[in-house]
Amino acid sequence: MPELPEVETIRLGLQRHLPGLIVKSVSSDAPKSFPNDPELVRQFLIGATITKIDRRAKVLLFELNTDYSLSVHLKMTGQLVFIGRERWGGGHPNDSLLGELPDRSTRATMHFTDESTLFFNDQRKFGWMRLVPTAEISEIDFFRKVGPEPLGTEFSLAAFRKALARRKNTSIKAAILDQTIVAGVGNIYADESLHIAGIHPAMRTGDVPLKKIKLLHAAIPDVMRLSLAHGGSSDKNYVDADGNKGSYLKFARVFRREGQPCPDCGAIIEKIRVAGRGTHYCPACQKLPRAKKVNHT
DNA sequence: CACTTGACCTGTCCGC
DNA sequence: TGCGGACAGGTCAAGT
């Protein structure tokens with residue numbers, strides 16, 4: 001899915017469009033992508049005003065002027081696309097999408113009283129939109145366990161080292177994909193940050209020297225800021241709230257670049273499988289000392 | 001607990 | 001061209 005930079009890009013777009021809008025109706029493929037009790041929807045979503053769009057890790061939170069919030073996880077292929085008040089003839093920048101949405105991957109559609117619409121599309125149906133009592137969000141298991149935001153101040157080197165100590169026998173890639181270690185890293189930015197830090201993705205976490213852990217700790221927020229500046233990464237599905245693609249992959253160092261030269265040394269980038277995920281790395285810049293590998297594929 | 005694998009879905013691409 | 005299998009950006013549950 002969208003990883004942190006993509007979800008944050010979507011959040012910024014939604015924050016421009018949604019606050020102040022009043023939900024008129026919702027249609028969905030419930031319960032699959034919209035697992036909510038119809039009575040809760042009627043009471044706490046229909047007629048509610050959206051006040052703010054927040055994000056924690058890869059989860060979006062639509063704050064409502066009721067006791068509930070709408071949490072959204074896009075997983076691998078989710079999209080949230082807003083179509084403005086086209087009936088007013090206002091020339092919204094993505095009016096060209098009119099007629100293209102809904103499409104066959106549209107799982108939920110939220111209509112607002114001003115005739116604008118938010119489409120939740122998700123080809124693989126892994127994502128969801130879920131009403132949660134706002135006061136209980138911090139008690140939800142995921143939010144209790146999730147690690148620090150890499151672009152925030154709590155992501156200190158000390159906190160990172162302490163968290164990594166819990167996963168010392170797994171690969172460093174599996175460790176940084178673990179949302180309880182650091183929030184928002186997914187497959188793209190795991191590969192990119194490990195390349196910046198010069199760490200082989202399959203290296204056992206406990207064997208990565210402190211010097212490299214420091215580089216990795218700096219690389220994770222750096223690569224996310226760079227991606228954010230380019231509107232995120234669009235490989236196949238990702239678009240922002242206005243339907244635009246992100247361009248980070250044009251600048252990617254290793255992700256989806258197997259067979260191409262490493263931007264640092266020119267060696268040919270390889271693709272392997274680590275932690276069950278397709279993994280891209282430079283065999284020259286990211287060496288694996290003998291016996292420092294983790295015993296899974 | 002720490003760790004790995006498989007499941008959840010649909011679509012696409014690749015080799016035969 | 002058709003068909004089977006592998007694979008795709010994320011998390012969970014369930015197994016060891």
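Naming convention: chains lettered A, B, ... in sequence-line order (proteins, then strands); numbering from 1 in each chain.
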Using a strict 4.0 Å threshold on nitrogen-to-oxygen distance, state whether [X] and [Y] make a salt bridge.
{"X": "D29(A)", "Y": "K125(A)", "answer": "no"}
{"X": "D264(A)", "Y": "R253(A)", "answer": "yes"}
{"X": "R56(A)", "Y": "D54(A)", "answer": "no"}
{"X": "E115(A)", "Y": "K24(A)", "answer": "yes"}

With respect to the phosphate group of [N], does any side-chain polar atom (N or O) of [X] fall under 4.0 Å of OP1 or OP2?
{"X": "R277(A)", "N": "dC7(C)", "answer": "no"}
{"X": "N169(A)", "N": "dA2(B)", "answer": "no"}
{"X": "S233(A)", "N": "dG9(C)", "answer": "no"}
{"X": "Q179(A)", "N": "dG10(C)", "answer": "no"}

Would you kindly give the [atom1]-to-[atom2] distance between [X] and [N], to the nearest whole Å?
{"X": "L74(A)", "N": "dT11(C)", "atom1": "CG", "atom2": "P", "answer": "10 Å"}
{"X": "H280(A)", "N": "dG9(C)", "atom1": "NE2", "atom2": "C1'", "answer": "11 Å"}
{"X": "L177(A)", "N": "dT5(B)", "atom1": "CG", "atom2": "P", "answer": "14 Å"}
{"X": "D178(A)", "N": "dT11(C)", "atom1": "CG", "atom2": "C1'", "answer": "11 Å"}
{"X": "M76(A)", "N": "dA8(C)", "atom1": "CE", "atom2": "P", "answer": "8 Å"}
{"X": "I181(A)", "N": "dC1(B)", "atom1": "CD1", "atom2": "P", "answer": "15 Å"}
{"X": "R257(A)", "N": "dG9(C)", "atom1": "CZ", "atom2": "P", "answer": "16 Å"}
{"X": "R273(A)", "N": "dC7(C)", "atom1": "CZ", "atom2": "C1'", "answer": "7 Å"}

**OP:** Scan residues 132-160 of chain A for pairs that pass ring-ring contact (aromatic ring centres under 6.0 Å, His included), counting only residues two or more places apart or in two chains.
**Re:**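 Checked against ring-ring contact (aromatic ring centres under 6.0 Å, His included) - neighbours excluded - the pairs reaching residues 132-160 of chain A are F155(A)-F160(A), F155(A)-H217(A), F160(A)-H217(A).
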Listed pairs, N/O of protein and of nucleotides 12-16 of chain C, under 3.5 Å:
none

Scan [X] against the nucleic acid and name what it touches under 4.0 Å (heavy atoms): base, sugar-phosphate only, or nothing.
{"X": "Y189(A)", "answer": "nothing"}
{"X": "K271(A)", "answer": "sugar-phosphate"}
{"X": "G278(A)", "answer": "sugar-phosphate"}

Considering only atom [atom1], compute the distance from [N] to [M] and round it to an integer number of Å.
{"N": "dC14(B)", "M": "dG9(C)", "atom1": "P", "result": "16 Å"}
{"N": "dG5(C)", "M": "dA7(B)", "atom1": "P", "result": "15 Å"}
{"N": "dA6(C)", "M": "dT5(B)", "atom1": "P", "result": "16 Å"}
{"N": "dT12(B)", "M": "dT11(C)", "atom1": "C1'", "result": "23 Å"}

Mind checking the [atom1]-[atom2] spacing from [X] to [Y]? Nearest 0.5 Å is all I need.
{"X": "H200(A)", "Y": "Y281(A)", "atom1": "NE2", "atom2": "OH", "result": "4.0 Å"}
{"X": "L131(A)", "Y": "L64(A)", "atom1": "CG", "atom2": "CG", "result": "7.0 Å"}
{"X": "N237(A)", "Y": "M76(A)", "atom1": "CG", "atom2": "CE", "result": "10.0 Å"}
{"X": "L215(A)", "Y": "D222(A)", "atom1": "CG", "atom2": "CG", "result": "10.5 Å"}

**OP:** Give the B/S/- string for nucleotides 8-15 of chain B, one per nucleotide from 5' to 3', where a protein heavy atom under 4.0 Å of the base yields B, of only the sugar-phosphate yields S, and otherwise -.
**Re:** BBBS----
Original post:
Mind checking whether Y248(A) and Y189(A) have parallel, tilted or perpendicular rings, split at 30° and 60°?
Top reply: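 Correct class here is tilted.
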**OP:** Only counting residues at least two apart or in another chain, list the ones meeting side chain to side chain donor-acceptor pair (under 3.5 Å) with T279(A).
**Re:**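 Checked T279(A) against side chain to side chain donor-acceptor pair (under 3.5 Å); matches are K173(A).
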Could you work out which one of [options] sits closest to the side chain of [X]?
{"X": "T170(A)", "options": "dG9(C), dA8(C), dT4(B)", "answer": "dT4(B)"}
{"X": "N237(A)", "options": "dC7(C), dT4(B), dG9(C)", "answer": "dG9(C)"}
{"X": "R166(A)", "options": "dC3(B), dG10(C), dA2(B)", "answer": "dA2(B)"}

Subject >> L80(A): which of V7(A), V239(A), L60(A), I53(A) passes side-chain contact (heavy atoms from CB on, under 4.5 Å) >> reply: L60(A)
Original post:
Which string of ( ) [ ] | and . matches DNA chain B, if you list each base 5' to 3' and count Watson-Crick or G-U pairs only when both distances are under 3.5 Å?
Top reply: .|||||||.|||||||
**OP:** Tell me who clusters with I22(A), hydrophobic residues only, linked when side chains sit under 4.5 Å apart either directly or through other members.
**Re:**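 None; I22(A) is a cluster of one.
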